[in-house]
Amino acid sequence: MSSNPFPPGFTPRSDFLRLLGERGYIHQCSDFEGLDAAARAGVLTAYIGFDATAPSYHVGNLLVIMMLRRLQQAGGKPIVVMGGGTTKVGDPSGKDETRRLLTEGDIAANIASLSETFAKLLRFGDAPTDAVMVDNDAWLSSFGYVEFLRAFGPHFTINRMLTFDSVKLRLDREQPLTFLEFNYMLMQAVDFLELNRRFGCILQMGGSDQWGNIVNGVELIRRVDQKGAFALTAPLIATSSGAKMGKTAAGAVWLNAEMRTPYDYWQFWRNTEDADVGRFLRLYTDMPLDEIARLEALAGAEVNEAKKVLATEATALLHGREAAETAAAAARAAFEEGRLSGGLPTLTLSAAQLNGMSNTALMVAAGFANSNGDARRQIAGGAFRIDGVKISDANAPVALTGIEAELRKGNSRKRLVIIDEPESKAP
RNA sequence: GGGGGAAUGUCCCGAGCGGCAAAGGGGGCGGACUGUAAAUCCGCUGGCGUACGCCUUCGUAGGUUCGAGUCCUACUUCCCCCA
């Protein structure tokens, strides 16, 4: 169903390019013919570099992780490069402002946390097509300054570097670009060269904003080692309404279970716009294409079935089948059968905590509001319900009849609140 | 080196005669309508307080003033013109 991403007259013969093409991951490639041939010649080794600027990735980062997964599915070897070294510098691509510099301790902690996500989506090990993870700090930090300049500096002209979008954007927007950041693209190019030497890695993938950085690496490998390498980028994914994936003002859709529960992750996918269901099924699940075509053809309210499949499959990839089924069951109970279910994210309060608690405070405690003021405004707007009853008085104490109740904000955000009653156990 | 301009609500863009919690848009959240969708219309969109209230915000640091985003000085970054 997706439009042909390949140039006229080119039909991929490798499993790898065919898989990426038919599932919608391809935006730009430095040499389709060459890459296709290389992918057919043996185990294709490719890498993607990841920053370690936060303790979790969000849905916006998921796309390129999925590219590595597809590579593995097609018999290739994925390399995950954790940017322990490059994160010390900061990628200026797509950023208006210089990033705050992270400490080495922050970076190490982030890497530890981020690794867990990769372990869920890729198979690591020592076999030929097992994924490996490396930290570019291992080589980047060992260079002396003059040594680095003499080795790589001659291969980059300022004239050319100034033409790259990552630099141009900053300059056009009249924002400062420090010399530190200016060096980022050299470091990324050196990464590619290093991986080529160490692992025979001939392909770097990434988001479309990484094109310039990736091509620099290809060039460097050609100039220094006279070898061929390839660049392949994925399109920028937005919803049909034009919003960027995975980031809202309220907060990113995190991939770590501690930062966003499997239930809420499932809900994120369940609320996909109609027009995006097929595309997202191809990109973010392992469903066979013919099955996706069937789901995609559903019309009207029936697309809800497709959205549930999308939600469950996408959640299963990240959090496991069991967690996905639990989330699906909780949603079914809460939305379709109108009953409470332990599968909902749960807030447990003691009777003492509840005593005198205002509706405002309860909203904040449930994570429905960022501040008391926010909670009051939400309640004034009619956003808060307890067991389906709309709450109108923000300052009134919480009125609960039983020991558990359903909290709801808006149409679709639900929580379960359970009251522990230690007081009543000692009459 | 000289001259002229610019930085605004920690999501973005953007108005702002010395009284401003600061116009307007986008985005987000909520309400109505629906199918937990989209589109449309409406409301909200600094923190604390039940409240007439208090506190914190306009590149940074000082100053003038009863009072400064708005005036002055220095600094930082950017743009334009001259050299």
Side-chain angles (χ1 to χ4, degrees), chain A residues 58 60 92 94-100 167-181 238-253 263-281 295-296 298-312 315 327-338 341 343-344 356-361 363-364 366-385 388 390-397 406-415:
Chain A
H58 53 76
K95 308 267 183 330
D96 268 0
E97 291 173 9
T98 306
R99 278 180 180 282
R100 184 176 60 86
V167 173
K168 233 170 32 179
L169 175 84
R170 206 56 95 62
L171 298 182
D172 288 349
R173 303 192 117 202
E174 305 178 12
Q175 295 296 330
L177 176 73
T178 63
F179 184 68
L180 177 77
E181 297 170 283
T239 70
S240 292
S241 303
K244 268 186 217 158
M245 277 300 276
K247 201 165 173 266
T248 69
V253 181
Y263 171 84
D264 282 328
Y265 189 73
W266 192 94
Q267 284 293 322
F268 167 76
W269 292 106
R270 173 63 182 81
N271 285 304
T272 296
E273 294 172 29
D274 287 10
D276 294 324
V277 173
R279 192 161 54 112
F280 288 178
L281 278 165
L295 291 167
E296 198 173 20
L298 294 174
E302 296 209 319
V303 286
N304 284 328
E305 293 312 310
K307 291 183 191 180
K308 289 178 208 169
V309 173
L310 169 63
T312 301
T315 304
R332 199 179 312 121
F335 287 93
E336 294 172 29
E337 298 160 17
S341 154
L344 288 176
M357 181 182 251
S358 67
N359 286 317
T360 298
M363 270 201 94
V364 174
F368 284 169
N370 297 320
S371 67
N372 293 343
D374 185 24
R376 282 193 205 96
R377 284 190 290 268
Q378 295 286 356
I379 290 172
F384 189 39
R385 289 165 203 257
K390 194 175 282 190
I391 301 300
S392 55
D393 187 347
N395 299 317
E406 179 201 81
L407 306 182
R408 179 175 138 198
K409 180 202 174 196
N411 251 343
S412 54
R413 296 204 59 196
K414 299 193 179 190
R415 295 278 110 114

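Sequence lines set the chain letters: A, B, ... in the order given, protein chains first and strands last, and positions in each chain run from 1. A quick note: this is a predicted structure, and the numbers were derived from the prediction, not measured.
With hydrogens and angles disregarded, a donor-acceptor distance shorter than 3.5 Å links the side chain of K307(A) to the backbone of T272(A). With hydrogens and angles disregarded, no donor-acceptor distance shorter than 3.5 Å links the side chain of N271(A) to the backbone of F268(A).
When distances are taken from the side chain of R376(A) to each of rC44(B), rC29(B), rU50(B), the shortest belongs to rU50(B).
Distance F368(A) CZ to rC44(B) P: 23 Å, rounded to the nearest Å. Per the geometry, CZ belonging to F268(A) stands 12 Å off P belonging to rG28(B), to the nearest Å.
The pair E406(A)-K414(A) counts as a salt bridge, with a side-chain nitrogen and a carboxylate oxygen less than 4.0 angstrom apart. A salt bridge does not link D393(A) with R376(A): every distance from a Lys NZ or Arg NE/NH1/NH2 to an Asp or Glu carboxylate oxygen is 4.0 Å or more.
With a cut-off of 3.5 Å on both Watson-Crick or G-U wobble distances, the partner of rU40(B) is given as rA32(B). Base pairing annotation: rG1(B) forms a Watson-Crick or G-U wobble pair with rC82(B), both donor-acceptor distances under 3.5 Å. Across all strands shown, rA22(B) forms no Watson-Crick or G-U wobble pair with both distances under 3.5 Å. Pairing partner, rA7(B): rU76(B), with both Watson-Crick or wobble hydrogen-bond distances short of 3.5 Å. Look at rG27(B): its Watson-Crick or wobble partner, with both distances under 3.5 angstrom, is rU45(B). Pairing of rC71(B), defined by two Watson-Crick or G-U wobble distances under 3.5 Å, is identified with rG63(B).
rC72(B) and rA22(B) are spaced 25 Å apart, taking the P atom of each and rounding to whole Å. When the P atom is used for both rG16(B) and rA61(B), the distance is 25 Å, rounded to whole Å. When the P atom is compared between rG47(B) and rC33(B), the two are found 29 Å apart, to the nearest whole Å. Remark: the separation of the P atoms in rU40(B) and rG46(B) is 24 Å, to the nearest Å. Remark: the separation of the P atoms in rC79(B) and rG27(B) is 31 Å, to the nearest Å. Spacing between rC42(B) and rG59(B) at atom C1', rounded to whole Å, works out to 38 Å. When the C1' atom is used for both rU50(B) and rC66(B), the distance is 32 Å, rounded to whole Å. Taking the C1' atom of each, rG2(B) and rU57(B) are spaced 37 Å apart, rounded to whole Å.
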Decide side chain to side chain donor-acceptor pair (under 3.5 Å) for T315(A) and W269(A); before the verdict, give the C-alpha distance in whole Å, the side-chain angles of both, and the deciding distance to 0.1 Å.
-> CA-CA 8 Å; T315(A) 304; W269(A) 292 106; 5.4 Å; no

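With a glycosidic angle further than 90° from 0, rC75(B) counts as anti.
Using a 4.0 Å heavy-atom cutoff across all strands shown, D374(A) reaches no nucleic acid atom at all.
The shortest distance between side-chain heavy atoms of F384(A) and L407(A) falls below 4.5 Å. By the 4.5 Å heavy-atom criterion applied to side chains, E296(A) and V303(A) are not counted as neighbours. Considering only heavy atoms from C-beta on, M363(A) stays 4.5 Å or farther from T360(A) through its side chain.
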Which parts of nucleotides 31-37 of chain B does protein reach within less than 4.0 Å, heavy atoms only, written one letter per nucleotide 5' to 3' as B for base, S for sugar-phosphate only and - for none?
-> SS-BBBB

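Phosphate proximity of rU50(B) to S358(A): absent, as no side-chain N or O sits under 4.0 Å from OP1 or OP2.
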